[in-house]
Amino acid sequence: KGEPFVGQAGKLLDAMLAVARSPDERAEVLRRSCGLQHNLRGPRDAIALCAQALVVARTADAATHHRTGRRLARVLAGAGDAAGALALLNSLPRAQAGLEATLTGWVRAEALRGLKRAPEALESVQRANVELEGAVRKDPTLREYRAIADYELGRTLTLTDPSADRSAARTALNRALVLQRQLDAQNPEYAEYRLFLTKILRELARLPGDNGYASETADGLAAELVARDPQRWEYQGL
């Protein structure tokens, strides 16, 4: 079974796994456990559990199979195995249109960036963001993902924009910054919004001509997140 998860979320997932019966239910619990392991301890420590989830998901419905495989692909990309992540994505059932296709496109772009295939990464992000707009038209509550869409676009454009000042990347990241600041201000207790706000500022700080504001602001936000949870891997790398 491996080490038990720490915290209330881990205990709840352990309890859910104990009563899950169908492959769909077991795969979904293991997928969420994989995500928790990734966030708490990092991608390398999450690979084994994510692989276990995918084994179960192969006997589940196509949507569950795809979501679980996408999670493992994201973990592999984060662990430095971009080629393995891309191969896995290519082997999965087709993503459902809308948000699912959006999330998969972003993971595919991450893998392609890792392989230095920037034009293909940009194409993947652009397709994903078109999928997102279709999803938002059907469900306006998904508008919050637009900030992540611009973040993904901006960080990919930093690799493909030939101009010296990376103006296209800066424009996308500034759009993301405005949206994410609103989300964070409206939901200060929700750490995920602050996490992405910090990531956006870090990307802006990497662009030529930054006056230090973005970097300094990101430093402050990162320190707040680490203070919330000093052991959380995803905060330590900010």
Non-hydrogen side-chain atoms of Asp219 and Ser215 separated by less than 4.5 Å: yes

Do we see a donor-acceptor contact under 3.5 Å between the side chains of Arg113 and Thr156? yes

N/O donor-acceptor pair under 3.5 Å between Arg143 side chain and Pro140 backbone: yes

Correct closest heavy-atom pair for Arg228 and Pro188 would be NH2-O, 2.8 Å

Do Tyr193 and Glu144 get their side chains close enough for a donor-acceptor pair, meaning under 3.5 Å? yes

Tell me whether Leu112 is reachable from Val107 by hopping between hydrophobic residues (I, L, V, M, F, W, Y) whose side-chain heavy atoms are closer than 4.5 Å. no

Between Asn174 and Thr171, do the side chains contain an N or O donor and an N or O acceptor separated by less than 3.5 Å? no

Any idea which heavy atoms bring Ala85 and Ala77 closest together, and the distance? CB-N, 3.9 Å

Quick check against the 3.5 Å criterion: does Asp81 have a side-chain atom that pairs as donor or acceptor with the backbone of Gly84? yes

Just so I know, are the side chains of Leu40 and Gln231 near enough to count as touching, which here means a heavy-atom distance under 4.5 Å? no

Search all heavy atoms of Leu76 against all heavy atoms of Ile47 and return the closest pair with its distance. CD2-CD1, 4.2 Å

Run through Asn129, Leu122, Val130 and flag the one making a side-chain contact (heavy atoms from CB on, under 4.5 Å) with Gln126. Leu122

Starting from Ile148, can I reach Leu179 by hopping between I/L/V/M/F/W/Y residues whose side chains sit under 4.5 Å apart? no

Determine, using the 4.5 Å side-chain heavy-atom cutoff (strictly less than), whether Leu30 and Leu72 are members of one ILVMFWY cluster. no

Could you give the distance from CD (Glu123) to CZ (Arg108), rounded to the nearest 0.5 Å? 10.5 Å

Would you check if the side chain of Glu28 reaches a backbone N or O of Thr64 as a donor-acceptor pair within less than 3.5 Å? no

Donor-acceptor check, side chain of Thr102 to backbone of Ala128, threshold 3.5 angstrom: yes or no? yes

Apply salt bridge (Lys or Arg N to Asp or Glu O under 4.0 Å) to the pair Arg194 and Glu224, showing each step before the final yes or no. CA-CA 9 Å; Arg194 187 148 299 181; Glu224 291 177 18; 2.5 Å; yes

Using atom types as modelled and distance alone, determine if a side-chain donor or acceptor of Gln180 lies under 3.5 Å from a backbone N or O of Ala147. no

Atom pair CZ (Arg71) and CG (Leu88), whose distance is rounded to the nearest 0.5 Å: 13.0 Å

Under 3.5 Å, is there a donor-acceptor pair between the side chain of Arg31 and the main chain of His65? no

Is there a donor in the side chain of Thr104 and an acceptor in the side chain of Arg70, or the other way round, less than 3.5 Å apart? yes

Working to the nearest 0.5 angstrom, can you tell me the gap between Glu192 CD and Leu183 CG? 11.5 Å

Tell me whether Phe196 shares a hydrophobic cluster with Leu238, the cluster being built from Ile, Leu, Val, Met, Phe, Trp, Tyr side chains joined at under 4.5 Å. no

Whether Thr59 side chain and Val56 backbone form a donor-acceptor pair below 3.5 Å: yes

Contact summary for Ala149 and Trp106, nearest pair of heavy atoms: CA-CZ2, 3.5 Å

Let me see the working for Asp61 and Arg67 under salt bridge (Lys or Arg N to Asp or Glu O under 4.0 Å), right down to the final yes or no. CA-CA 10 Å; Asp61 65 88; Arg67 282 194 300 270; 5.2 Å; no

Taking the side chain as every heavy atom from C-beta outward, state whether Leu201 and Leu177 have any pair of such atoms under 4.5 Å apart. yes

Within the 4.5 Å heavy-atom criterion, are Ile200 and Tyr151 side-chain neighbours or not? yes

Quick check for you: to the nearest 0.5 Å, what is the distance between Leu157 atom CG and Glu203 atom CD? 11.0 Å

Please say whether more than 12 non-hydrogen atoms of neighbouring residues, nucleotides or ligands are located less than 6.0 Å from CZ in Arg175. yes

Just by modelled atom types, is the Thr158 backbone N or O under 3.5 Å from a matching donor or acceptor in the Arg166 side chain? yes

Do side-chain atoms of Asn187 reach the backbone of Glu189 as a donor and acceptor pair under 3.5 angstrom? no

Do Leu86 and Leu92 belong to the same hydrophobic cluster, where Ile, Leu, Val, Met, Phe, Trp and Tyr are linked whenever their side-chain heavy atoms lie under 4.5 Å apart, directly or via other members? no

For the CZ atom of Arg181 and the OG1 atom of Thr217, what is their distance to the nearest 0.5 Å? 6.5 Å

Give, for atom CD of Gln96 and atom CG of Leu103, the distance between the pair rounded to the nearest 0.5 Å. 11.5 Å

